[in-house]
Colleague: 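Submitted below is the structure of interest, expressed as structure tokens.
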Protein chains: 2
Amino acid sequence: MLVSSAMTARNAAQKKRGYHHGDLGRALVAAAVELIRDRGPEAFTLREVANAVGVTHGAAYRHFEDKTALLAAVAEDGFRALGAHVGRAVASDPRGPRERLRSIATAYVEFAMDRPAHYRVMSGPRLNEDGRFPSLEAAIDEAFAFVIEEIRRGQAEGVFRREPARDLALGVWVMAHGYVELVFRRRLKVKSPKVAVEYFEKLFTPYLDGLAPKPPRRA
Amino acid sequence: MLVSSAMTARNAAQKKRGYHHGDLGRALVAAAVELIRDRGPEAFTLREVANAVGVTHGAAYRHFEDKTALLAAVAEDGFRALGAHVGRAVASDPRGPRERLRSIATAYVEFAMDRPAHYRVMSGPRLNEDGRFPSLEAAIDEAFAFVIEEIRRGQAEGVFRREPARDLALGVWVMAHGYVELVFRRRLKVKSPKVAVEYFEKLFTPYLDGLAPKPPRRA
DNA sequence: ACCTGAACACCGTTCAAGT
DNA sequence: ACCTGAACACCGTTCAAGT
């Protein structure tokens, strides 16, 4: 569903050079994503990313306060794309809250498999430690709001149990995020991104069933 | 339940100096845990850890092949302690599989809250990339075996649904790990480790309910 | 056998200087 | 306004030399 489009970073940078590089800020972000995709966020180097777009490493400081700020820009792009992807999933699924909730969780995992570099920056390093980048928090909340809303709808229709919607929604987030983490850390081996998404739907089913009202007492 | 005991690292190193430091290897591991607890695994520095035990940074290479090997030693200690903690939880809980499974998952979260430095190293950096540290993998599998075993027991007693035990067990791991990750990254704010554990039990309940046989069809 | 001290190649950050 | 190039303080790793 999602289409990766960072391969053209270097070309774009060379083409539309305004002063020296057109929009160096965006070129740096794109190059960073490419590097992180190939070698992980911990191997990511400011000097290397500057080198990739053909600029001295000092030049990056004209566009980002420090290395963390560049990573935060990657993360924010990611959260916005995640919100959009989840939003599309919920909008295009006319079935009831139960299936829409499944779609939302699946879309989350799908996004992670499709944009692993973004996801790892989003979930990895402790950016925003002392409240820098408040827009980052906003983007997270926006994506999470879809889950809460869908839980509420299901409760109103009587198909989900009546507990604080936030608690139930957090369970969904916990499952989707925990699953992706296990896959990325290779604790859980999967043959392909497609298989990873399918297997998540299976693992997620008990939780979905457990959301039903009047939980069954044990036999 | 668990008692942290790394504060005495420097003292112990000074007391029982055999050649220069008694067991420098263990002293380095203990000092590393202390540093990571205070400032996170990404701020962790080999030079600083050597300095903390009163030794030149080059000396560490007599005991660990490189920085990753030292972190792997921390992680392995952690996995063994986790296995022991989970093992105690399941052994001391005579109630049925359902409550024992809850105890296992809770013990997992408890461990993470009690030994955050260990947990973050265990779950954080991609150690064991190319199959180094196979004993690390073994320790992980050992802890996970408790979950699978309990699922099987519940299936035999007819209180859990009959699906591959590994799938259902992975769901438990996903929830516990995903929850801890959200707490550590402060996406989920909790007042204390104790509250964190209690709140997990609440979030986990739908999954536990969903493990029951014959899932309820939606209304 | 174990540790020191100096060296090496690298890193993020800063800043005068160029255009 | 934007970038360069050199400098600074740091890092992991290596290795001859000391005990």
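So that the names make sense, note that chain A is the first sequence line, chain B the second, and so on, each numbered from 1. Computation of the quantities below employed the complete heavy-atom set of this structure, encompassing side-chain atoms and omitting hydrogens, waters and symmetry-equivalent molecules.
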Colleague: Please give the nucleotide sitting opposite dG18(C) as a Watson-Crick or G-U wobble pair, both distances under 3.5 Å, or none.
Modeller: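 WC or wobble partner is dC2(D).
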Colleague: Just by modelled atom types, is the A196(B) backbone N or O under 3.5 Å from a matching donor or acceptor in the K191(B) side chain?
Modeller: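 Between the backbone of A196(B) and the side chain of K191(B) there is no qualifying donor-acceptor contact (under 3.5 Å).
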Colleague: Please report, rounded to the nearest Å, how far the P atom of dA1(D) is from the CG atom of D23(A).
Modeller: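 One finds 17 Å between P of dA1(D) and CG of D23(A), rounded.
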Colleague: Just say parallel, tilted or perpendicular for the rings of Y108(B) and Y119(B), cut-offs at 30° and 60°.
Modeller: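 Aromatic pair Y108(B)/Y119(B) classed perpendicular.
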Colleague: Under the side chain to side chain contact (heavy atoms under 4.5 Å, CB included) criterion, do N51(A) and H57(A) qualify, and how do the steps go?
Modeller: CA-CA 7 Å; N51(A) 205 308; H57(A) 59 276; over 6 Å; no
Colleague: By the definition side chain to side chain contact (heavy atoms under 4.5 Å, CB included), identify the one residue from L82(A), V86(A), L101(A), I151(A) that meets it with F146(A).
Modeller: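 Running side chain to side chain contact (heavy atoms under 4.5 Å, CB included) over L82(A), V86(A), L101(A), I151(A) with F146(A) returns exactly one hit, V86(A).
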Colleague: In this structure, is the centre-to-centre distance between the rings of Y207(B) and Y207(A) below 6.0 Å?
Modeller: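 For Y207(A) and Y207(B), the ring centres are not under 6.0 Å apart.
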Colleague: Give none if dC8(C) has no partner; otherwise give the nucleotide forming a Watson-Crick or G-U wobble pair with it, both distances under 3.5 Å.
Modeller: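 Across any shown strand, dC8(C) pairs with dG12(D).
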Colleague: Strictly under 4.0 angstrom, non-hydrogen atoms only: write out the protein contact profile of nucleotides 6-16 of chain C, one letter per nucleotide from the 5' end, B, S or -.
Modeller: -----BBBB--
Colleague: In whole Å, what is the span from the CZ atom of R26(A) to the C1' atom of dC2(D)?
Modeller: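 Value for this atom pair: 19 Å.
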Colleague: Check whether any side-chain heavy atom of F64(A) lies under 4.5 Å from a side-chain heavy atom of L71(A), and answer yes or no.
Modeller: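 With C-beta onward as the side chain, the pair stays apart.
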